Amino acid sequence: MKNKPINKGIENLRKSGSNVYKKGAQMLPCVSLMMAEGVLDSVKDLKKPFVTIVNSYTTHIPGHAHLDKIGEVVKKQLEGMGVNVWYANIGGAICDGIAMGHFGMKYSLASRELITDQIETIIAAHPCDAWIGIGNCDKIVPGMYNAMVRLNIPSIYVSGGPMLAGKNNTDLISVFEGVGKYSVGKLSKKSLEELTEVACPGYGSCSGMFTANSMNCLGEVLGFALSGNGTIPATIRVKDKTRQFTINPQRISLAKKAARTLVDLMKKNIRPLDILTKDSIDNAFVLDMAMGGSTNTVLHILALAHEAGIDYDLNRISYIAKNTPNVIKIAPSRPEVHLEHVHKIGGMGAILKSVVKSKKTPLKLNAKTVYGSLKNYVLGSPEPDGNILRSVDNAFSKQGGLAILFGNIAKKGAVVKTSGVEADMMRFTGPAKIYNSQEEALEGILKGEVKDGDVVIIRYEGPKGGPGMQEMLSPTAAIKGAGIKAALITDGRFSGGTRGLCIGHVSPEAASGGEIGLLKNKDIIEIDVEKKSLNAKVSSQEFKRRAKGKKPFVCKVEGGWLRRYSYFVTSADTGAVLSNP
């Protein structure tokens, strides 16, 4: 059965919702407490439906620092429509940029599971009839999508919107790559500090097609969010001001519309699993390939399919990649193009309108969404402008912006963002330079250990090995900033801001006995992105010999949440979901 309830609490939530509070006098103590918190004025208010707002507002993250204002807009809109409104803020929301480059990044991917579990906890413990998620960044967005299908009551998601580009069209990646330039003397410390002060101007998820914006955009096509969710900027640009904190009126309007749409979904009893199908997941990956989204989308959409009980694997993604042209490049693949520019040319609808003209692309326009039919959105969008967005006849490449590679060091697959790989790096052969952690690799790169022609291997950074599969923007940006022509392969993952020949999600990972853990320095690595292959010039017999002398993996973390996470987390090729004990 598709997404059978995982426990009686969720089963009762789906069947009864807020009706649990109308089951007799024994429930009146609960009602008294609802009046104490200001949600109800009288017992008569029990007749109204209950809606829960789940907000991830926090000042830890620039994409979330204004979500309290978005949440208040949603609350007022819902109250004005005659529903009882509960409002909850969830914790565990992490800014991958601020957590980058130190131990804190190990918590990032794990936080996706925490967020889903928190939402399950809140709503199953306080049954309601519908809920709306307000988020913006990295693991928070997929965590909310997973909760939507796990709970499967009427729900909708609305984001806080992308950040505007900084001065001179810069962004966060400009700063990361600036560190690489500084390390080799191409940029002064003063210039790097000046860049730091202007690259990220204000509220919003970082302005390129990084993980947060990729997932916010895919939400429109998965059917969980309204059109414009991924591209309407968080703020409007105020002339002559470095800091951009004025909330975009279009973003406020979208939040109000999301609230109205949720009430309509509730009245019609339209639920996430009425929307999410294999076809809608196909559509999401079509968009992903067409725009060259973050490699992390593969992890998150596979996890979503798993949560929904839909069979979906890397081979299907590879098929879609081969049959979908890459018609737009956005930062980091094209540093001068940011989400605000994509919004001006028609957003996700325009991108899909371009690729729908490819006879091979498996786009299903009849898929359901919270806003109706995908077909109306796509066919009603503008034609390609020819500059930012190209037609299929003039695509950046005939195949998608992501690719799945297989080979003797990635038997279950690996992922590369092809839209960010230079043409002369699509085939690459070189000696392995082995590092057993991101920190060790970054130190080596900044010390000048990595040279042109090397293949940097960073291992024991997978879901189990990290633990937490931390993003590794620092080493990739250091290589790019220093101008080194080297490849990088890891069982960990990269930021959506990564560009260059960077291959991640290698499965099986080193901690699970994968061949990447058996590589030695100077082993020759052969990469062919066009042929989707990733191999070491090491025989199967030699790999078996090396495996016999290999010591068992020991978790790097002695206790706490990450220790438990390492025990239960599965491979990247399954979305790094948690197994049941």
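All values derive from a computational prediction rather than experimental measurement.
- No side-chain heavy atom of M426 sits less than 4.5 Å from a side-chain heavy atom of L501.
- A salt bridge is absent between D138 and R112; no separation between the charged side-chain nitrogens and carboxylate oxygens falls under 4.0 Å.
- In this structure, K69 places its NZ atom where more than 12 heavy-atom neighbours from other residues, nucleotides or ligands lie under 6.0 Å away.
- Between D117 and R150 there is a salt bridge, since at least one side-chain N of the basic residue sits less than 4.0 Å from a carboxylate O of the acidic one.
- Atom CG of D424 is surrounded by more than 12 heavy atoms from other residues, nucleotides or ligands within 6.0 Å.
- Around CZ of R243, the count of heavy atoms belonging to other residues, nucleotides or ligands within 6.0 Å exceeds 12.
- Listed here is the closest heavy atom pair of I153 and P272: O-CD, 3.2 Å.
- Smallest separation of non-hydrogen atoms from A234 and G160: CB-O, 3.2 Å.
- Contact check on K278 versus D311 returns no salt bridge, with no Lys/Arg side-chain nitrogen under 4.0 Å from an Asp/Glu carboxylate oxygen.
- A heavy-atom distance below 4.5 Å is found between the side chains of I489 and I527.
- A side-chain donor-acceptor contact under 3.5 Å links S571 and S507.
- In this structure, T211 and H300 have side chains that are in contact, with non-hydrogen atoms separated by less than 4.5 Å.
- Open room surrounds NE2 on H306; 12 or fewer heavy atoms of other groups in view lie less than 6.0 Å from it.
- Between the side chains of D528 and S533, not a single donor N or O lies within less than 3.5 Å of an accepting N or O.
- Side chain of D274 to backbone of R271: a donor-acceptor contact under 3.5 angstrom is found.
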